[in-house]
Amino acid sequence: MSERIKKIKKLLLEEKQIEVAYLSEQLGVTEVTIRRDLDKLEKEGFLKKTYGGAILIESPIKDNNLFQLLDNQSDKLREERESIVEIVLNIINDGEAIYLGNGPVSLLTARSLKKNNYNLTVLTNDLLIAAELYHTSGIKVVLPGGDLMSSSPVLVGVLAQKSLKEFYLQKAFVEAHGVDFEFGYSLNSMQEVEFVNKIINVSKETFMLADHSRYNQVAFSRLGDIRKFSKVISNIQIPNNYKEFFFNNNITLYNCCDFS
């Protein structure tokens, strides 16, 4: 296996979704070369090519070590994602029941909740988030049950969806894996889409989380039109055409120091 292929695998294991342009810049080769590498990895069943990039469909965890995966989360875009976390923390109120979905911003949010003495009920289908909040004073963690995905430590399926009928949430924070004007919001699997749509039905308020790297990207399964969510949280670097679109369509965009 070439060193370049190894680096692509490492980056994709960390990020779960990645752009051809970013790989080309990081590895110092043309986008044509990167696409050939992605073709090889897709044939291996390691990834699924998307428009402009690829998403991970194989995520082996050595020795089934969940905490190893927790420790190996990438620091790329950490500062930008932490700016989103600050907004989320200002939106959450003590005593609420909330949902945290799958994604790096959600995981950073869980880590921050541990440090801020919240009294919350956190429903999550992401085992990394559950493990992060394990034994945190004041936070009750609820897992919905269901089937564990092979590509990521996330619970989905009919059982997970059925259990949601028993819950009512004040706020749900859903993290997009792709945001695109034509394709809308997208996630890495159809099963995740089905689960998130059930979450929306049992939540008083739903917020879409997406750092700027998710924009103009398409993940495997469509979650809905870009007007699906009336409240979006992102960092200040998102493309201006999306900022303008949200403003013109009465979609509240929270970013930087905007806590209104």
Side-chain angles (χ1 to χ4, degrees), residues 8 11-26 31 34-35 38 41-42 46-59 73-74 76-78 80-81 84 88 99-109 125-126 128 149 151-154 156 172-197 199-200 206-246 249 251 253-255:
I8 292 173
L11 287 169
L12 200 52
L13 283 168
E14 291 172 345
E15 291 300 313
K16 298 185 181 180
Q17 178 177 346
I18 208 152
E19 301 170 39
V20 169
Y22 175 76
L23 288 172
S24 174
E25 179 184 350
Q26 291 295 306
E31 292 189 11
I34 293 297
R35 289 192 181 95
L38 296 183
L41 291 172
E42 186 173 45
F46 185 80
L47 58 80
K48 173 70 176 178
K49 290 176 65 181
T50 61
Y51 179 77
I55 58 173
L56 181 70
I57 58 174
E58 290 279 342
S59 184
Q73 295 299 298
S74 172
K76 186 171 87 74
L77 297 174
R78 180 175 289 271
E80 291 86 347
R81 287 167 176 168
I84 300 175
V88 173
Y99 167 75
L100 283 181
N102 165 247
V105 175
S106 300
L107 182 59
L108 287 173
T109 299
N125 60 328
D126 187 319
L128 295 183
M149 293 181 62
S151 58
S152 60
V154 176
V156 291
F173 298 93
V174 177
E175 188 162 351
H177 302 148
V179 186
D180 180 78
F181 278 121
E182 292 186 12
F183 197 70
Y185 293 108
S186 52
L187 302 178
N188 286 339
S189 76
M190 179 60 71
Q191 290 175 307
E192 288 179 275
V193 166
E194 292 171 349
F195 182 84
V196 166
N197 279 323
I199 283 288
I200 293 170
T206 306
F207 298 82
M208 171 55 70
L209 311 181
D211 68 69
H212 73 277
S213 71
R214 304 297 192 184
Y215 288 82
N216 295 319
Q217 299 298 313
V218 175
F220 185 69
S221 295
R222 187 174 189 269
L223 177 59
D225 185 85
I226 197 168
R227 298 177 182 83
K228 184 178 180 74
F229 296 89
S230 62
K231 297 175 182 177
V232 176
I233 307 176
S234 189
N235 55 305
I236 199 70
Q237 293 92 338
I238 71 169
N240 287 329
N241 55 340
Y242 285 91
K243 292 180 183 179
E244 183 178 349
F245 178 87
F246 292 146
N249 287 272
I251 296 170
L253 172 65
Y254 302 80
N255 59 27

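If you're wondering where the values come from, they're calculated on a predicted model, not measured in any experiment.
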Evaluate Leu12 against Phe46 for side chain to side chain contact (heavy atoms under 4.5 Å, CB included), listing each step before the verdict. CA-CA 9 Å; Leu12 200 52; Phe46 185 80; 3.9 Å; yes

Using the side chain to side chain contact (heavy atoms under 4.5 Å, CB included) rule, take Glu175 and Asn102 through it: C-alpha gap first, then chi angles, then the decisive distance, then the call. CA-CA 6 Å; Glu175 188 162 351; Asn102 165 247; over 6 Å; no

Could you go step by step and tell me if Ile236 and Lys243 meet the side chain to side chain contact (heavy atoms under 4.5 Å, CB included) rule? CA-CA 9 Å; Ile236 199 70; Lys243 292 180 183 179; 4.2 Å; yes

Show the numbers, then the answer: is there a side chain to side chain contact (heavy atoms under 4.5 Å, CB included) between Asp180 and Gln217? CA-CA 6 Å; Asp180 180 78; Gln217 299 298 313; over 6 Å; no

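Side-chain contact between Lys228 and Asn197 is present, with heavy atoms from C-beta onward closer than 4.5 Å. Using a 4.5 Å heavy-atom threshold, the side chains of Ile34 and Ile8 count as touching. Two residues are said to be in side-chain contact when any heavy atoms from C-beta on lie closer than 4.5 Å; Phe220 and Thr50 fail this criterion. Taking 4.5 Å as the limit, every side-chain heavy atom of Ile55 sits out of range of all side-chain heavy atoms of Lys49. The side-chain heavy atoms of Gln17 and Asn188, taken from C-beta on, include a pair separated by under 4.5 Å. Between Leu187 and Val196 there is a side-chain heavy-atom pair separated by less than 4.5 Å. A heavy-atom distance below 4.5 Å is found between the side chains of His177 and Glu192. For the pair Tyr99 and Val174, the minimum side-chain heavy-atom distance is below 4.5 Å.
Rounded to the nearest 0.5 angstrom, Leu209 CG and Ile233 CD1 are separated by 5.0 Å. To the nearest 0.5 Å, atoms CG (Leu41) and CG (Leu47) are separated by 5.0 Å. Rounding to the nearest 0.5 Å gives a distance of 6.5 Å between CG of Leu38 and CG of Leu23. The distance from the CG atom of Leu56 to the CD1 atom of Ile18 is 10.5 Å, given to the nearest 0.5 Å. Considering OH of Tyr254 and CD1 of Ile84, their distance stands at 14.0 Å, rounded to 0.5 Å. Atom CE of Met208 is separated from atom CG of Leu223 by 5.5 Å, given to the nearest 0.5 angstrom.
Pairing each heavy atom of Ser189 with each of Ser221, the nearest pair is C-OG, 3.1 Å. For Ser213 against Glu19, the heavy-atom pair with the smallest separation is O-OE2, 3.3 Å. Residue Asp211 comes nearest to Arg81 through the heavy atom pair OD2-NE, 2.9 Å, listed as atom of the first residue, atom of the second, then distance. When every heavy atom of Ile199 is checked against every heavy atom of Ala172, the shortest pair comes out as CG2-CB, 3.7 Å.
Aromatic rings from Phe245 and Phe181 are positioned such that their centres are separated by under 6.0 Å.
Classification of the Tyr185-Phe229 ring pair by plane angle, with boundaries at 30° and 60°, yields perpendicular.
A donor-acceptor contact shorter than 3.5 Å is absent between the side chain of Ser186 and the backbone of Arg222. When atom types are taken as modelled, the side chain of Asn235 and the backbone of His212 share a donor-acceptor pair closer than 3.5 angstrom. Side-chain atoms of Ser106 come within 3.5 Å of backbone N or O of Gly101 as a donor-acceptor pair. Using modelled atom types, no side-chain atom of Gln191 and backbone atom of Val156 make a donor-acceptor pair closer than 3.5 Å.
In this structure, the ring-ring contact (aromatic ring centres under 6.0 Å, His included) partners of Tyr215, at least two apart in sequence or on a different chain, are Tyr242.
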